[in-house]
Every structure is written in C-alpha cells, then in structure tokens.
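Presented below is the structure to which this report refers.
Note that the structure is predicted; figures quoted are calculated from it, not measured.
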Amino acid sequence: MAIAPTETAMTSIVSYAQGQALQVLSFEVGAQTYCVPVSAVREIRGVTPPTPLPDAPPFVRGVINLRGQVMPVIDLSQRLGKGVAIDGERQVIIVVENQNDVAGMLVDAVCDSFIVESDQINPPPSLGDGEDSPLVSAVITSGEGSMTILLAVSRILPERPVEALAA
C-alpha cells in the first residue's frame, strides 16, 4: 500500500500520514541502521565511480549518469557526520527522489524492506534549545528494543541555490 506524503502533527518533513503504517527500506551506514520511506526510493544499483565536481559540498562524491539523467552521489556516511565511507563489496547506491530532485545515496549495505506500524514511529528527540536533528524524520522502535533512524530524504539531498530554482 502506497502512502501519500502528508503533513503531520509530528513534523512537516515526514513522508507518511500520522496514524498509518509506513513501508521503509533499511540500510547500514557504518555500524548503524537507517531507513527511508520506500515511496522515496526509485531504485537500488551497484556502485559506479562518480565524476567529481569542483566546489561541491564534501559529502557529494560527484555525479553519475543514470539513463540520461545526471545526478549527485552523496556519501551518506560523510553526510551524517561519520567520516568518509570506506569502499566495500556490499556498498550500493540507493537512488532517491524528492519532488523534482534525484540523488544517489552511497550506503554500506541494504538490509530489508518492511512495514512499520504507526505506534512504532516516534518524533525525533530534541537536541537542546528546542531543535530537532535536521536529517532525522523519526525514530522507529521495535519490540526487541532496537531503534532505527528514519531519515528525511528532503534534507539529505544537496540544497539547490535559489537562482537555480528560479531558472
């Protein structure tokens, strides 16, 4: 069942309707498991060496051509403040989209796709001064006591300059 993105009481960047289940794709970055809504995932592909871009943010490894569309490849480890990802045999690029933006997220491994019940989805904790983590949409808890971070795809992608949006 696809869940249309809606604004929730929890936060406006969460891609699920409050009170409904959410299907997610989980993956590893370092020793931690994260996830994104399946509705934001276009495909999962093998790693293609990206072409570096001058003046790109440090977490953007470069760009690749995906069937005629040039898109950035984000080193998710570096984007999350964990340092540059170490190349490995299980690494993949998860192609995600948010409105008109498409990007590849370089992750260490894909884990699983599963449905999360609404009572397992919790707002991100405050980090002091009333601020939430800008990259976290929610924290998913399970019966075994484990937690998985639901990332905000819209905030993971590199920001476009205002001039580019007007063009």
Side-chain angles (χ1 to χ4, degrees), residues 1-8 10-18 20-30 32-53 56-88 90-116 120-121 123-124 132-140 147-161 164-165:
M1 172 174 79
I3 299 172
T6 62
E7 184 142 325
T8 68
M10 193 178 300
T11 175
S12 62
I13 59 171
V14 179
S15 299
Y16 60 88
Q18 191 170 18
Q20 292 185 8
L22 174 69
Q23 186 172 8
V24 298
L25 176 70
S26 64
F27 49 86
E28 293 175 359
V29 176
Q32 176 116 19
T33 302
Y34 297 91
C35 64
V36 293
V38 167
S39 61
V41 177
R42 183 188 278 186
E43 68 181 82
I44 300 168
R45 57 177 286 133
V47 176
T48 305
T51 301
L53 284 176
F59 59 87
V60 176
R61 286 234 174 148
V63 293
I64 61 173
N65 185 341
L66 180 67
R67 291 181 294 285
Q69 182 176 17
V70 176
M71 67 175 193
V73 174
I74 299 165
D75 181 334
L76 198 53
S77 178
Q78 193 166 17
R79 180 72 172 114
L80 296 172
K82 297 176 172 283
V84 176
I86 298 169
D87 294 340
R90 295 184 59 208
Q91 266 187 334
V92 294
I93 295 174
I94 301 173
V95 179
V96 293
E97 55 188 335
N98 179 58
Q99 297 177 0
N100 294 331
D101 290 330
V102 177
M105 298 187 315
L106 180 66
V107 302
D108 294 335
V110 169
C111 299
D112 196 8
S113 174
F114 57 94
I115 295 178
V116 179
Q120 297 175 291
I121 303 171
D132 295 336
S133 171
L135 302 178
V136 176
S137 283
V139 177
I140 298 171
M147 292 190 270
T148 304
I149 305 299
L150 178 66
L151 295 175
V153 173
S154 63
R155 298 223 177 138
I156 295 291
L157 304 180
E159 291 186 26
R160 290 184 181 270
L165 293 174

Check your understanding: Any side-chain heavy atom of V24 within less than 4.5 Å of one from F114?
Key -> yes
Check your understanding: Between I93 and L106, does a side-chain contact (heavy atoms from CB on, under 4.5 Å) hold up when you go through it step by step?
Key -> CA-CA 5 Å; I93 295 174; L106 180 66; 4.2 Å; yes
Practice item. Would you indicate whether the side-chain heavy atoms of V29 and R79 approach each other to under 4.5 Å? Key: no
Point to revise | Between CG on residue D108 and CG on residue D87, distance to nearest 0.5 Å | key: 9.5 Å
Check your understanding: Looking only at heavy atoms, what is the nearest atom pair of V107 and E28, with distance?
Key -> CB-O, 3.7 Å
Check your understanding: Can you check whether L150 reaches P37 side chain to side chain, under 4.5 Å on heavy atoms?
Key -> yes
Study note, to complete from the structure: In terms of heavy-atom contacts, A103 and M71 come closest through C-SD, 4.0 Å
Review point. Looking at OG1 of T148 and CZ of F27, how far apart are the two atoms once the value is rounded to the nearest 0.5 Å?
Key: 10.0 Å
Review point. Out of curiosity, I149 CD1 to S26 OG, how far, rounded to the nearest 0.5 Å?
Key: 12.5 Å
**Study point:** Interatomic distance, I74 atom CD1 to M105 atom CE [nearest 0.5 angstrom]
**Key:** 7.5 Å
Point to revise | Residues in side chain to side chain contact (heavy atoms under 4.5 Å, CB included) contact with V63, at least two apart in sequence or another chain | key: T51, L53, V70
Review point. When you look at L157 and V96, which way does the side-chain contact (heavy atoms from CB on, under 4.5 Å) test go after all the steps?
Key: CA-CA 9 Å; L157 304 180; V96 293; 3.9 Å; yes
Check your understanding: If you take all heavy atoms of V38 and S113, which pair is closest and at what distance?
Key -> CG2-OG, 3.7 Å
Check your understanding: Is there a side-chain contact (heavy atoms from CB on, under 4.5 Å) between E43 and R67 once you walk through the steps?
Key -> CA-CA 12 Å; E43 68 181 82; R67 291 181 294 285; 2.2 Å; yes
Exercise for review: Report yes if some heavy atom in the side chain of I64 is under 4.5 Å from a heavy atom in the side chain of R45; otherwise report no.
Suggested key: yes
Check your understanding: Between atom CG of L151 and atom CD1 of I156, what is the distance when rounded to the nearest 0.5 Å?
Key -> 4.5 Å
Practice item. Working to the nearest 0.5 Å, report the span between CD of Q32 and CG of L80. Key: 8.5 Å
Exercise for review: Provide the closest heavy-atom pair for V47 versus Q91 in the form atom of the first, atom of the second, distance.
Suggested key: CG2-O, 3.4 Å
Review point. Do S77 side-chain atoms and G83 backbone N/O form a donor-acceptor pair below 3.5 Å?
Key: yes
Exercise for review: Of all the heavy-atom pairs spanning A85 and R61, show the shortest one and how long it is.
Suggested key: O-NH2, 3.0 Å
Check your understanding: For the residue pair P134 and R155, what are the closest heavy atoms and their distance?
Key -> O-CD, 3.1 Å
